[in-house]
Q: 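Have a look at the structure that comes next, please.
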Number of protein chains: 2
Amino acid sequence: MTDVKIGPNPLFLREEDLRQGMELLFYAYRDFTAEPDAMLAKIGLGRAHHRVVYFVGRYPEITVSDLLGILQITKQSLSRVLSELIGQDYVVQRTGTRDRRQRLLSLTDKGMDLERQLSDAQRARIARAYRAAGAQAVEGFRTVMLGIMDEAERGKFPGGAGKRG
Amino acid sequence: MTDVKIGPNPLFLREEDLRQGMELLFYAYRDFTAEPDAMLAKIGLGRAHHRVVYFVGRYPEITVSDLLGILQITKQSLSRVLSELIGQDYVVQRTGTRDRRQRLLSLTDKGMDLERQLSDAQRARIARAYRAAGAQAVEGFRTVMLGIMDEAERGKFPGGAGKRG
DNA sequence: GGATATAAGTCAATATGACTGACGTAAAGA
DNA sequence: TCTTTACGTCAGTCATATTGACTTATATCC
């Protein structure tokens, strides 16, 4: 952690600020995933199952290739996880009607239960953090997180500061 | 109630905000780790090596047990990674003077080089996001991230909203 | 001084999640 | 018809993590 000789810095971005940003991500993500990981371990599943269940719940009737695009893993990696989830009745496949090559994935009731259980701890964590931070801080959080991720992904997060509901 | 558009489940709006928060974390972390992972793969190392090199660089002369506390993995898991890093001359061990049971870990020059290379991509990513978002958004980001992580970790991030520079 | 606790290392077995490469099948589309 | 796409599968490998049992050296408590 060195090298701060990049000339005048308009935002006073120091090495220390950047390092802190990196660590915020590390610790927040580590603690964010710890609870569901522990729950999953009890039923013999792993984090990969959570991700699949989460995104299938989020986008019912998602195709396998769209899911691969989100997870950015290979189909062989997804295959084992997905077939376990289907075999244990958390996820169902349905042949697409418009395109019969597609396998549209959805959660069963059992899958929805699991998803809710797993995500509840995370939702509560986010809710607590949002509540404590306030609306303006949440908007800043959103802006920075969008800036951190690849530009290509930002379209997934429409809307802005708009107060709704 | 007919579906007007494709997309996520029509959920209660508060629920949607929380989901979005979860996904911001998922995508930002995924993209944040992708670049160093690719570099590491080229030299036969993995993300675990990066984490060790990062935190040893951050806290020179850190003890093994303190490092284990940060990474929250078992000593057996750390063992392989650490002995590879020591064997390849990225990290050195020194017996503690105050407590001779301890092995104090530090980076070699080669280790510092590696750490810098790996983290540069991440630093650039954070810097870009911070610069684009502005100081107020960064403060909000900080506040929310601290709220997401376990309370026990927050002491590692002193300073708060203090204006510097 | 002796008992106990702590810091670290090691051996063995195992699970999980990821990868590459090769190949197959069904269906869509040019 | 030919090619491409969507999906699946077999086989092998790697990286990261786990639990459990055990050892060595050193520190600390009584």
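The figures that follow rest on heavy atoms only: side chains count, while hydrogens, waters and symmetry mates do not. Below, chains carry the letters A, B, ... as their sequence lines are ordered, and counting in each starts from 1.
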Q: Look at the side chain of B/K75 and decide which nucleotide, out of D/dA15, C/dT20, C/dA8, has an atom nearest to it.
A: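 Among D/dA15, C/dT20, C/dA8, the one nearest the side chain of B/K75 is C/dA8.
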Q: Hey, can you pull the residues of residues 32-55 of chain A with a non-hydrogen atom under 4.0 angstrom from DNA chain C?
A: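 Heavy-atom cutoff 4.0 Å gives A/G44, A/G46, A/R47, A/A48, A/H49, A/R51.
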Q: Assign the ring pair B/H50 / B/Y54 to parallel, tilted or perpendicular, where the plane angle (0 to 90°) is split at 30° and 60°.
A: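 Answer is perpendicular, since the angle exceeds 60°.
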Q: How close or far is atom C1' of C/dT10 from atom CG of B/L78, stated in whole angstroms?
A: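 From B/L78 CG to C/dT10 C1': 13 Å.
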Q: Work out which heavy atom in B/M149 is nearest to a heavy atom in B/R154; give both atom names and the distance.
A: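 Shortest heavy-atom contact: O-NH2, 3.1 Å.
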Q: Determine, stepwise, if the pair A/E15 / B/R123 fulfils salt bridge (charged side-chain N to carboxylate O under 4.0 Å, His left out).
A: CA-CA 8 Å; A/E15 182 67 20; B/R123 257 192 289 274; 3.1 Å; yes
Q: Can you name the closest pair of heavy atoms from A/R47 and A/D37 and give their distance?
A: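 Of all heavy-atom pairs spanning A/R47 and A/D37, the closest is NH2-OD2, 2.7 Å.
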Q: Looking at B/S79, I'd like to know whether one of its side-chain N or O atoms comes within less than 4.0 Å of OP1 or OP2 on C/dG9.
A: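 No, outside the criterion.
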Q: To the nearest Å, how far apart are B/R94 CZ and C/dA7 P?
A: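 It works out to 17 Å between those atoms.
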Q: Find the distance A/L67:CG to D/dG8:P and express it as a whole number of Å.
A: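 That distance rounds to 11 Å.
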Q: The side chain of A/T74 lies closest to which of these nucleotides: C/dA8, C/dA18, C/dT20?
A: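 Looking only at side-chain atoms, A/T74 lies closest to C/dT20.
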Q: Got a sec: does the CZ of B/R100 have more than 12 other heavy atoms crowding it under 6.0 Å?
A: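 At most 12 heavy atoms, drawn from other residues, nucleotides or ligands, come within 6.0 Å of this atom.
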Q: Donor-acceptor pair, A/R128 side chain versus B/G147 backbone, under 3.5 Å?
A: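 Checking the backbone N and O of B/G147 against the side chain of A/R128, a donor-acceptor pair under 3.5 Å is found.
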Q: Compare side-chain N and O positions of A/Q93 against OP1 and OP2 of D/dG8 and report whether any pair is under 4.0 Å apart.
A: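 So the side chain of A/Q93 is within the cut-off, an N or O lying under 4.0 Å from OP1 or OP2 of D/dG8.
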Q: If every non-hydrogen atom of B/L68 is compared with every non-hydrogen atom of B/I73, which pair is closest and at what distance?
A: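 Scanning both residues, the minimum pair turns out to be CD2-O, 3.6 Å.
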Q: In whole angstrom, give the distance that lies between atom CG of B/L71 and atom P of D/dT18.
A: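 About 10 Å, once rounded to whole Å.
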Q: With B/R101, which residues qualify under side-chain contact (heavy atoms from CB on, under 4.5 Å), at least two apart?
A: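 Counting only residues at least two positions away or on another chain, B/R101 forms a side-chain contact (heavy atoms from CB on, under 4.5 Å) with B/D99.
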Q: Under 4.0 Å, counting only non-hydrogen atoms across every strand here, what does A/T63 touch: a base, just sugar-phosphate, or nothing?
A: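 Sugar-phosphate only.
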Q: With distance as the sole criterion, do the side chain of B/Q76 and the base of C/dG9 form a donor-acceptor contact below 3.5 Å?
A: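 No, the side chain and the base share no sub-3.5 Å donor-acceptor pair.
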Q: Rounding to an integer number of Å, can you tell me how far A/R30 CZ sits from D/dA17 P?
A: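 From A/R30 CZ to D/dA17 P: 13 Å.
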Q: Could you label the plane-to-plane angle of the B/F157 and A/Y27 rings as parallel, tilted or perpendicular, counting under 30° as parallel and over 60° as perpendicular?
A: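 Geometry flag for A/Y27 against B/F157: perpendicular rings.
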Q: Is the distance from OP1 or OP2 of D/dC7 to the nearest side-chain N or O of A/S65 less than 4.0 Å?
A: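 Checking A/S65 against D/dC7: at least one side-chain N or O falls below 4.0 Å of OP1 or OP2.
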Q: Rounded off to whole Å, could you give me the CD1-to-P distance for the B/I73 and D/dT19 pair?
A: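 Going from CD1 in B/I73 over to P in D/dT19 covers 12 Å.
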Q: Decide side chain to side chain contact (heavy atoms under 4.5 Å, CB included) for A/L25 and A/I148; before the verdict, give the C-alpha distance in whole Å, the side-chain angles of both, and the deciding distance to 0.1 Å.
A: CA-CA 10 Å; A/L25 267 172; A/I148 290 171; 4.1 Å; yes
Q: With a 4.0 Å limit, can you tell me whether B/S77 has a side-chain N or O closer than that to the phosphate oxygens OP1/OP2 of D/dT18?
A: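 Indeed, a polar side-chain atom of B/S77 lies that close.
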Q: Below the 4.0 Å mark, does C/dG17 have OP1 or OP2 next to a side-chain nitrogen or oxygen of A/R80?
A: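 Checking C/dG17 against A/R80, a side-chain N or O does come within under 4.0 Å of OP1 or OP2.
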Q: How close or far is atom C1' of C/dG17 from atom CG of A/L82, stated in whole angstroms?
A: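 Spelled out: CG on A/L82 to C1' on C/dG17 is 15 Å.
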Q: So if I define the base as every atom that isn't primed, P, OP1 or OP2, how would nucleotides 25-30 of chain C read as a B/S/- string at a heavy-atom cutoff under 4.0 Å?
A: --BS--
Q: To the nearest Å, give me how far apart CG (B/L85) and P (C/dG9) are.
A: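 One finds 13 Å between P of C/dG9 and CG of B/L85, rounded.
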